[in-house]
Trainee: 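The structure is given below, and queries will be raised subsequently.
Reminder, nothing fancy here: chain letters follow the sequence lines and each chain counts from 1. Values below: all heavy atoms of this structure, side chains included; hydrogens, waters and symmetry mates excluded.
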Amino acid sequence: MSAGASFYITTPIFYVNDVPHIGHAYTEVAADLLARWHRQAGEDAWLLTGTDEHGQKILRTATANGVTPKEWADRLVETAWKPLLKTVDIKNDDFIRTTDERHEVNAQKFLQHLYDAGHIYTGEYEGFYCVGCEEYKQPSDLIEGTGEFIGQQVCAIHSLPVELLHEKNYFFRMSTFADRLLALYEDDPDFVQPAAARNEVISFVKQGLSDLSISRSSFDWGIKVPWDDSHVVYVWFDALLNYITAAGYGQDDERFSRLWPATHIVGKDILRFHAVIWPAMLMAAGLPVPRRVFGHGWLLVGGEKMSKSKLTGIAPSQITDTFGSDAFRYYFMRAISFGQDGSFSWEDLSARYQSELANGFGNLASRVIAMVVRYCDGEIPVTTAFTDADAAIRATEIRVTDAAGEAISRLAIHEAIASVWELVDELNGYITTQEPWGLAKDPADRDRLDAVLFTAVRGLGTLAVLLSPVVPEACAKLWSALGGEGLVTDQRIDRAWEWTGGTHVSPLEALFPRIEATVG
RNA sequence: GGGGCGGUAGCUCAGCUGGUUAGAGCAGCGGACUCAUAAUCCGUCGGUCCCGGGUUCAAGUCCCGGCCGCCCUACCA
């Protein structure tokens with residue numbers, strides 16, 4: 001984490017046909033939190049997100065809705081996906097759409113480069129085609145036929161026989177990269193994380209790779225293959241390239257070499273595309289592979305993967321409307337070990353909101369600021385006489401700052417927050433033990449009262465800086481109530497304990513007000 | 001079929017290369033306090049560590065065999 005270094009982090013790009021649910025928001029928040037953290041560590045952090053807009057499904061949906069695919073994508077980007085970023089307070093530096101000219105043009109350059117270098121050849125794709133679905137089916141999508149189709153494999157959706165079709169396709173020689181990929185996983189054990197994800201990727205590649213069909217000619221909503229415009233690029237091949245086209249590949253070499261390679265945060269369901277296909281593509285192009293690929297877990301509702309069909313899909317706004325974006329961010333980042341599946345429940349969300357945010361952090365801020373207002377007319381005491389108890393708080397501030405930073409460097413977001421919370425808890429205990437309200441009764445204890453309140457205020461300042469990437473809204477309010485200079489987001493997080501802040505506090509509304517009504 | 005991960009207090013989870021009486025948070029119960037969003041602090045209750053073998057002076061922690069759950073086994077994003 002050296003200052004000035006670049007930290008480029010990405011989320012997957014959203015397939016515009018989907019409806020935003022908390023899983024999408026979860027990925028965004030995780031990447032955003034990491035980006036904010038690194039930004040506050042003085043690095044040149046750059047968060048990319050965006051949308052994936054090509055492919056047959058989108059064409060089909062658009063047609064069904066009587067609009068062009070581009071119009072359809074425009075609509076969803078504006079009404080669904082960009083609003084999602086606002087809903088959970090994402091501070092992205094860029095938003096790329098695969099229909100952006102910068103993407104299409106440079107993705108073509110990439111493809112042409114691979115073609116010229118001999119990594120692409122003309123082949124024949126053979127597959128089972130369902131006329132009803134108008135697409136190729138995997139054997140696993142087929143079921144045993146019934147009635148007049150007994151003994152045949154039929155489409156699971158249409159229950160009709162599929163046809164074995166051949167189609168001319170362009171293929172990427174991915175198979176030739178298997179050994180280099182395995183060497184990559186071996187040499188850089190952190191390339192794919194967490195370990196469970198790495199294991200799966202390795203065993204997958206060890207089974208041997210076949211070449212990848214990267215073009216389609218049965219529909220035309222996509223990026224044209226530069227040397228053959230009767231083909232469009234396979235959506236995944238197209239989509240993955242967003243990570244470099246957004247960074248200036250093919251267009252701004254200086255910028256590209258400064259930013260790339262990136263850290264990719266993805267759901268484990270699309271891990272393989274990012275940990276196998278994508279690095280193989282980059283190797284073929286002679287570009288550096290990603291810095292690392294982190295596959296996070298799924299959100300489970302009632303022990304099962306969230307799904308629309310089971311009515312367990314939850315829109316992020318359902319949560320933020322009641323609890324706010326900070327609570328959303330805090331809850332999912334704190335309650336779930338990043339990398340593992342995590343269970344979501346309204347009960348757990350409410351419980352953590354109440355005990356950790358409202359009673360823990362929020363109330364700590366309230367009680368400290370209220371006492372400074374009440375006993376010191378809002379003036380933050382200046383003092384130099386500290387006791388062991390004060391020094392212990394100081395030591396904790398430094399310790400958790402270091403521990404949290406170390407955890408973040410391992411992408412252990414939940415551990416980082418847990419570390420910071422040790423300071424929340426310790427400060428609450430400190431105040432109870434020091435009894436500033438008792439000290440305030442006797443003028444002879446004035447110096448001691450000053451030291452206690454100063455220590456508490458400074459501790460709050462440290463918390464505001466450390467928690468800003470997690471709960472940015474609350475921390476901005478707190479920082480300003482503490483009279484801190486500038487923006488809390490400009491305070492160095494790796495030296496969060498360096499309180500230089502204000503002279504006066506101003507009254508603070510509850511950061512996390514009690515929520516009475518039961519939700520869900 | 002092959003492979004991965006997991007099964008630890010009511011709930012959510014920690015327990016690294018095996019080693020003192022198995023931990024945390026929340027919930028529950030009791031007490032203290034009053035600055036604060038009836039918040040905070042202290043104490044306390046609570047577990048056959050999925051089951052059965054084995055290795056070892058010693059196993060939640062390693063090995064074998066089961067049972068249960070989730071996931072991967074490629075070109076739908």
Trainee: Parallel, tilted or perpendicular for A:His24 and A:Phe14, by the 30°/60° rule?
Mentor: perpendicular
Trainee: Pick the C1' atom in B:rG43 and in B:rG52, then give their distance to the nearest Å.
Mentor: 40 Å
Trainee: From CZ of A:Phe344 over to C1' of B:rC13, roughly how many Å is that when rounded to an integer?
Mentor: 18 Å
Trainee: Atom CG of A:Leu240 and atom P of B:rC76: how far apart are they, to the nearest Å?
Mentor: 14 Å
Trainee: Quick check, are the ring centers of A:Phe344 and A:Phe332 under 6.0 angstrom apart?
Mentor: yes
Trainee: Can you tell me, in whole Å, how much space there is between the C1' of B:rG28 and that of B:rA9?
Mentor: 13 Å
Trainee: Tell me: CD of A:Glu356 to C1' of B:rC11, nearest whole Å?
Mentor: 13 Å
Trainee: Watson-Crick or G-U wobble partner for B:rG69, using a 3.5 Å limit on both distances?
Mentor: B:rC5
Trainee: Consider only side-chain N and O atoms of A:Gln354 and A:Arg514, and report whether a donor and an acceptor are under 3.5 Å apart.
Mentor: yes
Trainee: Taking the same atom, P, in B:rU56 and in B:rA14, what whole-Å distance lies between them?
Mentor: 32 Å
Trainee: According to the ring pair (Phe, Tyr, Trp, His ring centres under 6.0 Å) rule, which pairs have a member within residues 412-447 of chain A, sequence neighbours left out?
Mentor: A:Tyr330-A:Trp421, A:Phe361-A:Trp421
Trainee: How far, in whole Å, is B:rC62 from B:rG7 if one measures between their P atoms?
Mentor: 11 Å
Trainee: Considering only the C1' atoms, how many Å lie between B:rG47 and B:rU8, rounded to the nearest integer?
Mentor: 8 Å
Trainee: If you look at every strand shown and take non-hydrogen atoms under 4.0 Å, does A:Phe204 touch a base, only sugar-phosphate, or nothing?
Mentor: base
Trainee: Please pick, from B:rA14, B:rA74, B:rC72, the nucleotide with the shortest atom-to-atom distance to any side-chain atom of A:Glu200.
Mentor: B:rC72
Trainee: Do the side-chain N or O atoms of A:Asn199 get closer than 4.0 angstrom to the phosphate oxygens (OP1, OP2) of B:rC5?
Mentor: yes
Trainee: Expressed in angstrom and rounded to an integer, what is the separation of A:Glu426 atom CD from B:rC42 atom P?
Mentor: 11 Å
Trainee: Hey, which sits more toward the 5' end of RNA chain B by its nearest nucleotide, A:Ala351 or A:Gly342?
Mentor: A:Gly342
Trainee: Mind checking if A:Ser345 touches a base, just sugar-phosphate, or nothing, with heavy atoms under 4.0 Å?
Mentor: nothing
Trainee: In whole Å, measure the gap between the C1' atoms of B:rC68 and B:rA22 for me.
Mentor: 24 Å
Trainee: Go through it in stages, so that I can follow the logic: the residues are A:Glu422 and A:Thr396, the test is side-chain hydrogen bond (donor to acceptor under 3.5 Å, both in side chains), and I'd like the CA-CA distance, side-chain angles, deciding distance and then a yes or no.
Mentor: CA-CA 8 Å; A:Glu422 289 175 30; A:Thr396 299; over 6 Å; no
Trainee: Roughly how many Å apart are B:rA58 and B:rG18, using the P atom of each and rounding to a whole number?
Mentor: 15 Å
Trainee: Could you give the CG-to-P distance, from A:Leu423 to B:rG25, as a whole number of Å?
Mentor: 16 Å
Trainee: Does atom CD (A:Glu186) have a neighbourhood of more than 12 heavy atoms from anything else shown, all under 6.0 Å?
Mentor: no
Trainee: Is the shortest distance from a Lys or Arg side-chain nitrogen in A:Asp228 or A:Lys168 to a carboxylate oxygen in the other one below 4.0 Å?
Mentor: yes
Trainee: Quote, to the nearest angstrom, the C1' distance that separates B:rC5 from B:rU44.
Mentor: 36 Å
Trainee: With RNA chain B as reference, determine whether A:Val424 or A:Phe171 sits nearer its 5' end, using the nearest nucleotide of each.
Mentor: A:Val424
Trainee: Name the pairing partner of B:rC13, where a pair is Watson-Crick or G-U wobble with both distances under 3.5 Å, or state none.
Mentor: B:rG23
Trainee: What is the per-nucleotide protein-contact pattern of nucleotides 32-40 of chain B, from the 5' end, where B denotes a base atom under 4.0 Å from a protein heavy atom, S denotes such proximity for sugar-phosphate atoms only, and - denotes neither?
Mentor: -SSBBB-SS
Trainee: Calculate the interatomic distance between A:Leu271 atom CG and B:rA74 atom C1'; express it in whole Å.
Mentor: 13 Å
Trainee: How close or far is atom C1' of B:rU12 from atom OH of A:Tyr331, stated in whole angstroms?
Mentor: 8 Å
Trainee: Is there a side-chain contact (heavy atoms from CB on, under 4.5 Å) between A:Glu53 and A:Ile13 once you walk through the steps?
Mentor: CA-CA 9 Å; A:Glu53 310 184 3; A:Ile13 50 178; over 6 Å; no
Trainee: Would you mind reporting whether A:Lys70 and A:Trp221 have side-chain heavy atoms less than 4.5 Å apart?
Mentor: yes
Trainee: Which nucleotide, if any, forms a Watson-Crick or G-U wobble pair with B:rU61, using both distances under 3.5 Å?
Mentor: none
Trainee: Categorize A:Trp298 for me: base, sugar-phosphate, or nothing, with a 4.0 angstrom heavy-atom threshold over every strand shown.
Mentor: sugar-phosphate
Trainee: Is A:Gly339 touching bases, backbone alone, or none of the nucleic acid, heavy atoms closer than 4.0 Å?
Mentor: nothing
Trainee: Between atom CD1 in A:Ile202 and atom P in B:rA74, what is the gap in whole Å?
Mentor: 18 Å
Trainee: Which nucleotide, if any, forms a Watson-Crick or G-U wobble pair with B:rG18, using both distances under 3.5 Å?
Mentor: none
Trainee: Using both distances under 3.5 Å as the test, list the Watson-Crick or G-U wobble partner of B:rG28, or none.
Mentor: B:rU44
Trainee: When you look at CG of A:Asp442, are more than 12 heavy atoms from neighbouring residues, nucleotides or ligands closer to it than 6.0 Å?
Mentor: yes
Trainee: Please classify the nucleic acid contact of A:Leu209 as base, sugar-phosphate, or nothing, using heavy-atom distances under 4.0 Å.
Mentor: base
Trainee: Base, sugar-phosphate alone, or nothing: which one does A:Arg216 contact when heavy atoms must sit under 4.0 Å apart?
Mentor: sugar-phosphate
